[in-house]
Amino acid sequence: MLKTLGAHIKGFVKESVLTPACMIGEVIMEMVIPMLMASIINEGVEKGNLRHIYLVGGLMVLAALVGLAFGVGGGVFGARASTGFARNLRRAMYERIQTFGFANIDRFSTAGLVTRLTTDVTNIQNAYQMMLRMCMRAPVSLVCAMVMSFWISPRLASIYLVAVLLLGIVLGIIVTRAMKYFGQAFPKYDALNESVQENVSAIRVVKAYVREDYENEKFKKASGGIYKIFCKAEGVVAWNGPVMNLTVYSCIILISWIGAKLIVGGSLQTGDLMALLTYCMTILMNLMMLSMIFVMMTMSAASARRICEVLTEEPDLSNPKEPVTEVPDGSIRFDHVSFSYKKDADTPVLKDIDLEIHSGETIGIIGGTGSAKSSLVNLISRLYDVSSGKLSVGGVDVRDYDMETLRNQVAVVLQNNVLFSGTILDNLRWGDLNATEEECAHACKLACADEFIRKMPEGYNTYIEQGGTNVSGGQKQRLCIARALLKKPKILILDDSTSAVDTATDARIRQAFAQEIPGTTKLIIAQRVSSVEHADRIIVMHEGEIDGFGTHEELLATNEIYRDVYESQTGGGGDFDEKGGM
């Protein structure tokens with residue numbers, strides 16, 4: 001874990017070295033000042049040597065200024081090192097996530113990944129800064145103060161030693177008990193983020209169903225879980241203060257009492273007693289600081305493990321050593337393909353799929369909910385790998401392609417499409433970064449989107465809100481179809497992506513496909529028979545298997561499932577948006 005995280009300090013090694021160096025310089029100045037103060041009292045005040053007071057006082061001011069410079073340098077370098085480290089971690093995690101296949105992403109919830117990129121990295125950032133500054137400062141300061149104390153008076157310094165040992169044991173118990181609570185806290189952040197994310201993204205649904213009270217209760221439960229865990233942890237850590245104060249004041253009383261006797265007996269000077277009291281506070285406060293470091297390290301250890309889970313996650317999908325970088329055509333061959341989302345699943349999602357699709361064909365795919373229609377097409381662009389069998393595109397096994405090459409030639413339009421914040425042109429150019437406005441307009445005409453875009457205030461420069469909330473469902477689908485067409489793919493997959501448009505528009509889109517991209521293989525998943533009946537061939541899916549494969553007329557004659565669907569949709573007068581529909 002340390003090796004994984006340590007690799008991301010790159011670029012900030014100098015700051016990471018200068019920070020503890022500055023802390024050591026600050027500690028040295030802090031150790032010198034009590035000795036100078038003792039000298040002023042012993043040799044200046046008590047003997048009335050004004051010149052000595054001025055001389056040593058000037059040295060104290062100089063030491064304080066040098067210590068201040070070291071402290072500021074440590075703060076600046078520490079901030080640069082820790083924020084740079086956090087930046088590198090976030091960047092590395094984000095880039096790693098981009099390499100994940102769908103199977104990898106399924107293992108991490110969206111809320112969990114957000115927590116890792118935000119809260120967990122912030123914890124590591126704070127812990128790293130504390131480690132650079134305090135992990136060097138506190139031990140060095142404690143040891144130096146102890147050495148100076150024994151040099152002044154071994155008898156009085158032994159009080160410190162006993163106090164340090166007792167306090168170390170108590171603080172060790174406190175930190176150990178707090179560790180288990182902090183380890184339980186961060187997974188609860190995932191539940192909290194998930195609650196907020198779902199509520200905000202689906203706020204229209206929440207309000208439509210008047211579920212605000214339910215969502216409030218859900219959020220209250222998630223935030224309450226974090227509250228209870230941190231209350232328990234902080235309740236344990238809170239003992240730090242009282243124990244520390246008890247130890248500090250006990251030491252001050254003992255040192256003052258014994259020191260006063262030594263001064264009266266002539267074996268200790270007043271200035272030395274003042275220095276010992278200063279060192280007492282330094283030793284005990286640094287010990288408390290160390291205990292807080294342990295608490296912070298405990299919190300960050302849980303975060304570090306969660307970050308490393310992402311950084312060390314091996315993508316399920318990877319390019320072969322010598323990938324194929326050109327897709328010859330849009331032909332597709334499923335050779336006895338079976339597929340499961342989980343390797344240990346008892347029943348595969350797709351079972352022994354064996355079919356061949358010619359380049360340029362229009363293939364309809366129909367079937368009930370859960371019949372694995374989307375799973376079938378997800379394998380084509382290698383979003384998942386087949387569990388058994390072989391899937392070929394253009395006569396080449398998809399596992400032999402460079403994944404970027406393959407996916408650039410397979411355009412997918414989903415039912416629940418995503419538009420990003422930016423102009424309409426920005427969104428369309430996801431299909432082709434260098435597409436001209438004329439090319440974008442042509443693609444929109446094919447997708448029957450140009451007409452409504454022209455009516456918008458800014459036309460193609462109209463700003464799309466995050467998630468496409470300022471366009472309708474049908475408009476969003478047509479924009480996404482146009483975006484896919486700009487890729488000029490060899491295979492176009494429409495996964496129920498015209499469900500929000502009327503049948504007349506659906507027909508015009510299909511006609512445009514036939515005329516403008518005849519060489520592109522088109523796979524159309526639909527619930528309406530009218531969307532697929534004019535396809536060259538139609539696949540009927542049932543419980544992960546191919547129940548029928550043929551033309552509309554052949555399936556009406558031979559396939560019971562297709563015939564039942566057709567009769568149920570046409571017997572009642574057609575779809576709701578057709579003439580005569582209800």
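Here, residue 1 is the first one in the sequence, and each next residue gets the next number.
With hydrogens and angles disregarded, a donor-acceptor distance shorter than 3.5 Å links the side chain of Asn88 to the backbone of Lys10. A donor-acceptor pair under 3.5 Å is formed between the side chain of Lys487 and the backbone N or O of Arg407.
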Less than 3.5 Å apart, which donor and acceptor atoms pair up between the side chains of residues 64-83 and the rest of the protein, not counting sequence neighbours?
unit_1: Ser82; atom_1: OG; unit_2: Gly78; atom_2: O; d: 2.9
unit_1: Ser82; atom_1: OG; unit_2: Ala79; atom_2: O; d: 3.2
unit_1: Thr83; atom_1: OG1; unit_2: Ala79; atom_2: O; d: 2.6
unit_1: Thr83; atom_1: OG1; unit_2: Arg80; atom_2: O; d: 3.3

Quick one: side chains of residues 256-266, donor-acceptor pairs under 3.5 Å with protein atoms, not counting sequence neighbours, listed by atom name and distance.
unit_1: Ser256; atom_1: OG; unit_2: Ile252; atom_2: O; d: 2.7

Got a list of side-chain donor-acceptor pairs under 3.5 Å for residues 29-36, not counting sequence neighbours?
unit_1: Glu30; atom_1: OE1; unit_2: Arg137; atom_2: NH2; d: 2.8
unit_1: Glu30; atom_1: OE2; unit_2: Arg137; atom_2: NH2; d: 2.2

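Contacts classified as ring-ring contact (aromatic ring centres under 6.0 Å, His included) and involving residues 3-26 (residues at least two apart or in different chains) are not found.
In this view, Asp385 and Arg382 satisfy the side chain to side chain donor-acceptor pair (under 3.5 Å) rule, not counting sequence neighbours. Residues forming a salt bridge (charged side-chain N to carboxylate O under 4.0 Å, His left out) with Glu437 (at least two apart in sequence, or on another chain): none. Not a single salt bridge (charged side-chain N to carboxylate O under 4.0 Å, His left out) links Glu217 to another residue, sequence neighbours left out. Every residue two or more places apart in sequence or in another chain that forms a salt bridge (charged side-chain N to carboxylate O under 4.0 Å, His left out) with Arg96 is listed here: Glu314. Take Arg429 and apply the salt bridge (charged side-chain N to carboxylate O under 4.0 Å, His left out) test, not counting sequence neighbours, and it matches no residue. Considering only residues two or more places apart in sequence or on other chains, Thr423 meets the side chain to side chain donor-acceptor pair (under 3.5 Å) condition with Asp426. Partners of Ser39 under the side chain to side chain donor-acceptor pair (under 3.5 Å) rule, at least two apart in sequence or in another chain, are His52. Judged as a side chain to side chain donor-acceptor pair (under 3.5 Å), and not counting sequence neighbours, the contacts of Tyr128 are Ser16.
For Phe420, the CZ atom counts as densely surrounded, since its 6.0 Å shell holds more than 12 non-hydrogen atoms of other residues, nucleotides or ligands. Counted within 6.0 Å of OH on Tyr341, heavy atoms from surrounding residues, nucleotides or ligands total more than 12; the atom is thus considered enclosed. By the 6.0 Å contact criterion, CD on Glu322 is open, its count of non-hydrogen atoms from other residues, nucleotides or ligands being 12 or less.
With values rounded to the nearest 0.5 angstrom, Leu486 atom CG is found 11.5 Å from Asn427 atom CG.
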